[in-house]
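Residue numbers start at 1 and run along the sequence shown.
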Amino acid sequence: MNRAPHTKKRIHVLQIFWLLSLLFLSYYELTPLSEADTFLFPLLFLMSLFYIARRRRILPLAWHDALVRWLHPLTVRFRAFHIWQIRGNVAPKLNATPCTCKNCGDTFTGNFCPRCGQSRNTPRYVLKGIVGNVLRTVFRVDGKFAHTLLELLYRPGHMMRDFIRGRRVNYTLPLPMVFLMTAFYMLTAQLIVPEIRERKEERAMEQSEAPLTKAEELRRAIRGLEEIKTDSDNPIGQKNLEISIREIEKELAKVERQDSIAGTPQPDANLVNTSISFFKKVETAIEGVPFLSNVWSLMKRWGHGNKAFHILLTLPLLAIATRWAFYGRKKPAEYNLMEHIFIQAYIAAQILLISTLVVPFNGTAHVDDLYEVPEWIIFLLFWWDYRQLYLCTWWRSFWKTLLMFGYCLLVVICLATAGVLLLCLVEGTTNLNL
């Protein structure tokens with residue numbers, strides 16, 4: 001058997017840069033050796049070195065053939081697992097045997113009754129299967145939740161691509177997944193770390209016992225009188241209440257004027273004070289309308305400390321950055337912006353799932369942070385998900401993931417700059433009015 005000539009390929013500059021970066025990070029992680037918690041970067045360096053040496057044919061031919069023979073069983077199993085990842089679960093074969101539905105009595109051929117939708121497999125409940133029945137009842141969650149969790153662990157990118165392309169019958173919708181996983185994470189954190197529940201109760205007590213300012217007391221009195229006026233049917237009483245409300249509003253205007261002119265603000269705090277006064281005016285205007293006041297108070301209570309709400313706010317930012325990173329002018333976009341938001345929701349659910357799994361091993365929980373896992377694990381998850389989602393190489397997925405986070409940082413800087421300019425404009429308008 002004639003063998004093709006063993007021609008060598010040159011090492012790319014980016015691969016050299018990658019190896020040097022991993023070598024530097026490995027030295028930084030292992031120095032001193034006694035304080036090294038993990039060996040992540042040394043392991044990545046060795047794996048990358050072996051991969052590059054094999055692909056660029058730097059290893060001697062005898063070594064290469066020996067490694068191929070030794071790794072052949074693992075390679076075959078890995079390729080089979082990779083095919084299973086891409087293919088996913090295959091729909092069961094159609095049963096052609098006639099069956100009578102136990103629910104409606106209709107005779108049909110197939111796996112489900114076409115009249116009522118009940119499965120043909122409806123066995124009797126027996127005592128020996130009580131454990132399986134209880135587990136299925138507790139963890140099934142509409143029959144799709146557990147299946148979605150499993151696929152988020154071993155084929156997340158392929159699962160997202162299947163969902164976007166229309167294979168959705170076996171998966172829970174992405175936005176409900178975020179809320180469910182947030183609830184599971186908070187429940188796990190409070191069960192594992194009871195101090196979190198005590199800390200939340202202490203914060204609630206501190207907020208309830210916080211003293212009100214004079215302006216807040218006057219606003220609360222005005223709202224109370226307005227409610228009494230709305231419920232009253234006596235014209236004379238309503239007239240007296242209107243007079244009382246006007247007097248309190250005059251007093252409130254005096255208090256706000258005194259608060260605004262009391263003391264000269266420092267130059268570095270002038271912008272902050274202006275923004276606070278601006279948002280207070282907006283909040284006061286909203287609280288003047290009863291319906292808007294109820295909606296605003298409900299949104300504040302729901303948004304304060306709500307992890308799912310904070311995660312949902314980051315989804316459009318990540319979706320825009322991903323769309324910019326993976327598609328250029330010459331390549332048409334494969335997914336639209338809404339589909340990118342759904343993809344980011346599944347990735348957020350995946351990170352929340354990993355966070356829930358690591359809480360019992362950490363012994364503590366960072367509920368005030370967006371996620372429990374560190375940033376480098378989040379980067380690895382994005383890197384892995386994008387490789388499966390876009391069917392690209394590890395190198396392209398790595399650089400595109402870096403570019404995506406760079407775009408995120410750029411968008412955040414632009415939003416912060418726009419906010420500062422808006423506050424400066426508000427400050428200039430306030431100074432002109434004064």
Do any pairs count as a ring-ring contact (aromatic ring centres under 6.0 Å, His included) and have a residue in residues 149-170, sequence neighbours left out, and if so which ones?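 Pairs touching residues 149-170 that pass the test: Trp84-Tyr154, Phe163-Tyr346.
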Considering non-hydrogen atoms only, spot the tightest contact between Leu94 and Gly110 and give its length. CD1-CA, 3.7 Å
Partner residues of [X] under the side-chain contact (heavy atoms from CB on, under 4.5 Å) criterion, sequence neighbours left out:
{"X": "Cys392", "value": "Tyr390, Arg396, Ser397"}
{"X": "Arg77", "value": "Pro73"}
{"X": "Leu187", "value": "Leu191"}
{"X": "Leu43", "value": "Met47"}

Flag the pair Leu19 / Leu49 as yes when at least one side-chain heavy-atom distance between them is below 4.5 Å, and no otherwise.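 Side chain of Leu19 against side chain of Leu49, heavy atoms only: contact under 4.5 Å found.
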Return the set of residues passing ring pair (Phe, Tyr, Trp, His ring centres under 6.0 Å) with Trp394 (not counting sequence neighbours), or none when no residue passes. Trp383
Applying side chain to side chain donor-acceptor pair (under 3.5 Å), name anything that partners [X], two or more places apart in sequence or on another chain.
{"X": "Ser48", "result": "Trp18"}
{"X": "His340", "result": "none"}
{"X": "Glu151", "result": "His147, Arg155, Tyr171"}
{"X": "Thr148", "result": "none"}

Strictly by salt bridge (Lys or Arg N to Asp or Glu O under 4.0 Å), give each pair with a member in residues 370-395 just once, sequence neighbours left out.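 The answer is none; no pair qualifies.
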Arg168: partners by salt bridge (charged side-chain N to carboxylate O under 4.0 Å, His left out), with sequence neighbours left out: none
Between the main-chain N or O of Leu152 and the side-chain N or O of Gln350, is there a donor-acceptor pair closer than 3.5 Å?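 Yes, Gln350 side chain to Leu152 backbone: donor-acceptor pair under 3.5 Å.
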